[in-house]
Amino acid sequence: MKRRSIDIWKVFTILILLSLLLFLVYPILKLLILAVYKDSVGFTLEEFKTFFSKPYYFNTLLNSLKVSFAATICTILIATPVAYFMSMYKIKGNAVLNILIVISSMSAPFIGAYSWILLLGRSGVITRFMADHLGIVITDIYGFGGILLVFSLQLYPLIFLYAKSAMENVDASVLEASENLGVVGLKRFFKVILPLILPPVLAGGLLVFMRCMSDFGTPMLIGEGYRTFPVLIYNEFVGEIGTNQSFASAISVIAIVFTTLVFLIQKKISEKSSYSSNFLHPVQKKKAKGIKGVLIHILIYIVVFMSILPQAYLIFTSFKNTSGKIFIDGYSLNSYHTAFSRMGTAISNTIVFPIVALIIIIVLSLIISYLVVRKKNVLTGIIDIFTMIPFILPGVVVGIALLQGFSNGVGGSSLFVWGGTVNIIIVSFVIRRMPYTLRSTSSTLQSMPIVIEEAALSLGASKLKTFITITVPMMARGVISGAILSFVTLISELSTSILLTNVRTKTMTVAIYTEVVRGNYGVAAALSAMLTAFTIIALIIFNIIGNRKKPI
């Protein structure tokens, strides 16, 4: 009797679906139950009524939407012309500028907020200089304007990367045809180029919007009276005055609904404006001449300088002597010595936790992308939908959901008691950052011909062996591209980690935030400088690996 062989992909489908149900769907459902059910009352919408009936609460949602939309528009207005000029013209120092733009986006936004406080706060370096030497009083950076400044300069590189890639893929024959019809200059940009790059720009805009909506640290540090949604959720969940976890859960559900609506709207617009291009004739960069060339260079240099300034200033201040919030004369390594002596575990955690999470992310992304692209069915379609959910969830919401799902407390017993453990942190990292690697990997696999895999199977190779020896190496570039974004966002994660970590498991971003709040600016600057160094080292390593992985 012939033995039936086990279909390994069916096994993977079931295991991954069960894992997503356990670590993603179950915590969210428990969050929803806590929002609408009370032991003393039963089913109730009281918490939702409270939110929408009191302007104090509802205005926080409006504030978050307002600053997120404003930041998205500002990043598009900054990134699109910079990407256009760097794609169409030969810019001096182009390679260095590209590196600086990428680096400027690779730290947590709240670190940028902290740096701008040192520069433009009420006692900031620039503020004091302008007042003492020029007699000019600068409006303080706190509130809506400060949050918008930080988000715009920190996040525009995300749209820049999307827009620049799209512009470099525009067929030169399209531009030549427009010139022959007399469509040149700004008219050509708005009539021809902008419609072609709109889908990727919108994709980058969605990423910016979600980052702004979910950011906790920036409005907490620089917002002052300007309350935002993540701050409200955090305060209701772990506030000093008192906590209301049912109300925090209800607010989290509202956040999920609104971010989902924005995601669906963006997806619909992108689908309507999508296009295909043969990309037969790449655009040749021209030399920017005369006053036009000077203005283009000035614009790009100013934008890059403003975006890299916060990190550069933090590195500088990390070597200054400090006394709490005051930087005093002289330079030393005292801040680094204090950081290592007091934050040793946070530094090692920031390296170990993301690496462990990234390994899991890469393995899962390879398997899931193969399932949703090559093994399409109802179950893999459900998996594809589930894996996109974390992309639209604010970090604070993910943190609360995991605490409700895997900690005993309000809401009853849990399957696992993981609160404050390494396990729950790794799970949160994987859930939140896997979509970046997964989308990149899936996109690469979709562009790969299936005939090579079919040839290997016809020669007697097993499905698993074909996947490991043939498919995975061809997907390497996509994996590395996604892994870069996953890793650099893992080491700068704050909004989820601040809820899930404790003294033993805290990471550098949590430590930096804590030191800023306590007024230990020197230690915070030293930790921020080290985090920047880790990011640059990671980018170099990924770049080396990526250059070795040549596509087949």
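The model shown is predicted, which means the values in this text are computed figures rather than measured ones.
- Ring-plane geometry between Tyr89 and Phe85 is classed as tilted, the angle between the planes lying from 30 to 60 degrees on a 0 to 90 degree scale.
- By the 4.5 Å heavy-atom criterion applied to side chains, Leu155 and Leu158 are counted as neighbours.
- At a threshold of 4.5 Å between non-hydrogen side-chain atoms, the residues Met86 and Asn98 count as touching.
- Closest approach of Phe406 to Pro27, counting heavy atoms only: CE1-CG, 3.8 Å.
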Exercise for the section: Mind running side-chain contact (heavy atoms from CB on, under 4.5 Å) on Val102 and Leu161 for me, showing each step along the way? Expected result: CA-CA 8 Å; Val102 172; Leu161 294 173; 4.2 Å; yes

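- Thr489 OG1 to Arg211 CZ: the interatomic distance, rounded to the nearest 0.5 Å, is 7.0 Å.
- Among residues two or more places apart in sequence or in another chain, the ring-ring contact (aromatic ring centres under 6.0 Å, His included) test is passed with Phe12 by Trp9.
- The aromatic rings of Tyr234 and Phe216 lie tilted to each other, with the angle between the two planes from 30° to 60°.
- Closest non-hydrogen pair, Leu445 versus Met475, comes out as CD1-SD, 4.0 Å.
- Distance CG/Leu20 to CG/Leu15: 11.0 Å, rounded to 0.5 Å.
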Exercise for the section: Begin with the C-alpha distance, continue with both residues' side-chain angles, and end with the deciding distance and a verdict on side-chain contact (heavy atoms from CB on, under 4.5 Å) for Phe353 and Leu490. Expected result: CA-CA 9 Å; Phe353 294 172; Leu490 282 172; over 6 Å; no

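- Side-chain atoms of Val253 and Val36, non-hydrogen and from C-beta on, never get closer than 4.5 Å to each other.
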Problem - Evaluation steps, side-chain contact (heavy atoms from CB on, under 4.5 Å), between Val372 and Ser442 - result: CA-CA 8 Å; Val372 299; Ser442 297; 4.1 Å; yes

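- Atoms OG and CG, on Ser428 and Leu402 in that order, are 6.0 Å from each other to the nearest 0.5 Å.
- For the pair Thr505 (side chain) and Asn502 (backbone), a donor-acceptor distance under 3.5 Å is present.
- Ring pair Phe23/Phe386: centre-to-centre distance not below 6.0 Å.
- Side chain of Ser365 to main chain of Ile362: no donor-acceptor pair is present (N/O by atom type, distance under 3.5 Å, no hydrogens or angles).
- In this structure, OG1 on Thr437 lies 6.0 Å from CG on Leu358, to the nearest 0.5 angstrom.
- In this structure, the side chains of Lys10 and Lys375 stay at 4.5 Å or more apart for every pair of heavy atoms.
- For Ser104, the side chain to side chain contact (heavy atoms under 4.5 Å, CB included) partners at least two apart in sequence or on another chain are Pro157, Ser307, Ile308.
- Considering only heavy atoms from C-beta on, Tyr84 stays 4.5 Å or farther from Thr80 through its side chain.
- Side-chain contact check for Pro390 versus Val398: every heavy-atom pair is 4.5 Å or farther apart.
- Summarising the geometry of Lys30 relative to Gly405, their closest heavy-atom pair is CD-CA, 4.0 Å, with the distance given to 0.1 Å.
- A pairwise comparison of heavy atoms in Ile78 and Val303 identifies CG2-CG1, 3.7 Å as the closest pair.
- Put simply, the side chain of Pro394 does not reach to within 4.5 Å of the side chain of Ser495, judged on heavy atoms.
- The backbone N or O of Glu493 sits less than 3.5 Å from a side-chain atom of Thr509, completing a donor-acceptor pair.
- In this structure, the side chains of Met210 and Thr259 come closer than 4.5 Å at one or more pairs of heavy atoms.
- Between Ile73 atom CD1 and Ser152 atom OG the span is 10.0 Å, to the nearest 0.5 Å.
- Residues Pro219 and Asp215 share a closest heavy-atom pair of CD-OD2, 3.3 Å.
- The heavy-atom pair separating Thr350 from Met508 by the smallest distance is OG1-N, 2.7 Å.
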Problem - Residues Phe237, Gln404; criterion side-chain contact (heavy atoms from CB on, under 4.5 Å); working and verdict - result: CA-CA 11 Å; Phe237 194 74; Gln404 300 293 1; 3.4 Å; yes

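- Here the straight-line distance linking atom CE of Met220 with atom OH of Tyr513 works out to 4.0 Å at 0.5 Å rounding.
- Remark: side-chain polar atoms of Thr380 are paired, donor with acceptor, to backbone N or O of Asn377 under 3.5 angstrom.
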